[in-house]
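Shown next, in structure tokens, is the structure this report addresses.
All chains are named by letter (A, B, ...) in the order of the sequence lines, taking the proteins before the strands, and each is independently numbered beginning at 1.
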Amino acid sequence: MDWLLYAGADPVHKILLMLIAIVLFVVLMGIILFVVDRPRNPSRWFVGFGFTGAALLLLLLGLVYPAIRTIINSFMNRNSTEFVGLDNYIVAFTEPRFLVVLGNTALWVLVAPLAATFLGLVYAYLVDKSRFEALAKGLVFLPMAISMVGASIIWKFVYEFKPAGVNQTGLLNQFIVWLGGEPQQFLIGRPLNTFLIMVVFVWIQAGFAMTLLSASIKAIPDDIVEAARLDGVSGFGMFWRITIPSIRPALVVVLTTIAMTTLKTFDIVRTMTAGQYGTSIVALEFYDQRFRQNEAGLSAALAVLLFVIVVPVIIYNVRQQRLSEDVR
Amino acid sequence: MSTVKTADAVPEVPRRTSNLSNRARKARKALSNPWASTLAVVIAIIWTVPTVGLLVTSFRPELDIRQSGWWTVFGSAFAGEGVFSLRNYEAALFDGSTNLAVFFINSFVVTLPAVFIPITLALLAAYGFAWVDFKGSDFLFIAVFALQIVPIQITLVPLLSAYVDLGINGSFWTIWLSHSIFALPLAIFLLHNFMKEIPRSLVEAARMDGAGHVQVFFRVMLPLLTPALAAFAIFQFLWVWNDLLVALVMGDLNTFPLTVRVAELAGSRGGDWHLLSAGAFISMIVPLIVFLSLQRYFVRGLLAGSVKG
């Protein structure tokens, strides 16, 4: 049994386990399909649950139940043995340390999606008229394939600091020195450091925004554009009065989608500063409280908080998506 | 915004031709003005410079990295002095202290089942919801759809303690299972939407010929769903390969993928840019290849509203 569970450090064993997992799963699916197909006149209920049952069971045990547990734990003490009411939430909303975290999170949710969407929009509009469309789009889109850890390392190197007088190795400080300034330790000073960390996120997400917005700009019917042109609309007026209103649903979807990603992202802050120098956000604090401070109750409360902030954003998103589908 | 205004200068398209949309298309072509093109290219270059900087660095000797900026190589390479080598990659992959080769294998072992299992499960479930008209199917489908709002943070800790209770914590199985669970709501939703678009007549024709649900699933649905499957597979691949949170919470030293190890290096050896730069690119190379070779499907998936939160 242990052989099937743990591979230890042996790479061959690991790969064997991987193959076994896939084969086992194929066999399992085969059995399910075989059973579903067996009866002559199966009831619809039987067939329906044959197809959906495995997934539903996993979701119930792996998503619904743990979520409820976390909500319960958020009202319990640090090792989930005693009911403490709203204490964890009170701590999260009153202690100065956590107020910084909440403030940063609010800043992230407000600034990062707007910045990424704005850049994506401007770029999509520019590129629509560009001769090198495919290449230019590809380069901006590429960071989407990079892990947030990798992206953070790329940008940490841009922000690298060497004392004045020594050769700079970070590009940003080199620019400052070239312009006659003093090199800075960018990731230490609040509140600039939070914005500089956001740059990494925006760098990744702008490509996403650009792709979706570019597609909906191209979907604007030609006759609308032409009619506006005949009416003498052009230049910035075209962008503001024709393009923006035509792609409004897509804009909202992009904005809210990035906002949701922002809330759940913890890799970037963790890799850049590990939450030091007043840069922590709720998604990271949740992890630190649970796995570093062993504060299960507080950590659960932060997770619930994350959920509570996400819900309205998602509801708005879904409604907008419905609307845009109606238009289509 | 100045570039937008230059659109004024574009000559009017002749109004004689009858086909309005054709003319509009021409007008758009004519709009490809040099200012927009230039600015677009400049932005694209700015976007790429940070990556290029780290890439160049990853091939430079350790001492050079400490002593001068990566941009200086272009000068010295011109003078015939530039020294590039794969030494950093060798050190990052095989040196005892970093040993990324081991974690590279872990990344593969974690990712492949975590892509394959949820897609298969979601395919079955999506078919059940889309084409088997059973009692409660609508309600259950909406419930699955709604589960997309559950952030993984809220489920992680109890899931981990469940694994501990079962005695399977720290194995690859928990990671595969967790990724599969988290992927299901979106995967089911997406594949369901694609399946619904398959014409009813096609399915009914097959059923008239005596095909059961399983045959319809394999003979009619699967072949038509290939693009959708490709799109979701790329998503899930990038998501799992690049994931840090699940790997960190569920795994241990024997299962950690590259992301965990590279993030750890960034914390413990933040100044060793020869290792960090090479390590970062070792962790990026596979998703970049997947992404570049299958970008078409990825974009299509994005546009189909498949957005992983």
- Measure Val313(A) against the heavy atoms of chain B and call it side chain, backbone, both or neither at under 4.5 Å. neither

- Message: What part of Ile285(B) gets within 4.5 angstrom of chain A, counting heavy atoms only: side chain, backbone, both, or neither?
- Response: neither

- In terms of heavy-atom proximity below 4.5 Å to chain B, should Phe25(A) be classed as side chain, backbone, both, or neither? side chain

- Which bit of Phe291(A) is near chain B, if near means a heavy-atom gap under 4.5 Å: side chain, backbone, both or neither? side chain

- Query: Of all the residues in residues 43-51 of chain B, which have a heavy atom that comes within less than 4.5 Å of a heavy atom in chain A?
  - Reply: Ile43(B), Ala44(B), Trp47(B), Thr48(B), Val49(B), Pro50(B), Thr51(B)

- Message: At a 4.5 Å cut-off on heavy atoms, which part of Val158(A) comes close to chain B: side chain, backbone, both, or neither?
- Response: side chain

- Engaged part of Val157(B) at the chain A interface, taking heavy atoms whose separation is under 4.5 Å: side chain

- Query: Top residue by heavy-atom pair count (under 4.5 Å) with chain A, among Leu248(B), Val41(B), Leu123(B)?
  - Reply: Leu248(B)

- Is the closest side-chain donor-acceptor distance between Tyr6(A) and His13(A) under 3.5 Å? no

- Message: Could you check whether Ser214(A) and Lys137(A), counting side-chain N and O atoms only, form a donor-acceptor pair closer than 3.5 Å?
- Response: yes

- Toward chain B, the part of Trp155(A) with a non-hydrogen atom under 4.5 Å: side chain

- Message: Under 4.5 Å from any heavy atom of chain B, what part of Ile72(A) do you find: side chain, backbone, both or neither?
- Response: neither

- Query: Quick one: what part of Phe141(A) sits under 4.5 Å from any heavy atom of chain B, side chain, backbone, both or neither?
  - Reply: both

- Message: Need one label for Val310(A): side chain, backbone, both or neither, based on atoms under 4.5 Å from any heavy atom in chain B.
- Response: side chain

- Message: Need one label for Asn169(B): side chain, backbone, both or neither, based on atoms under 4.5 Å from any heavy atom in chain A.
- Response: both

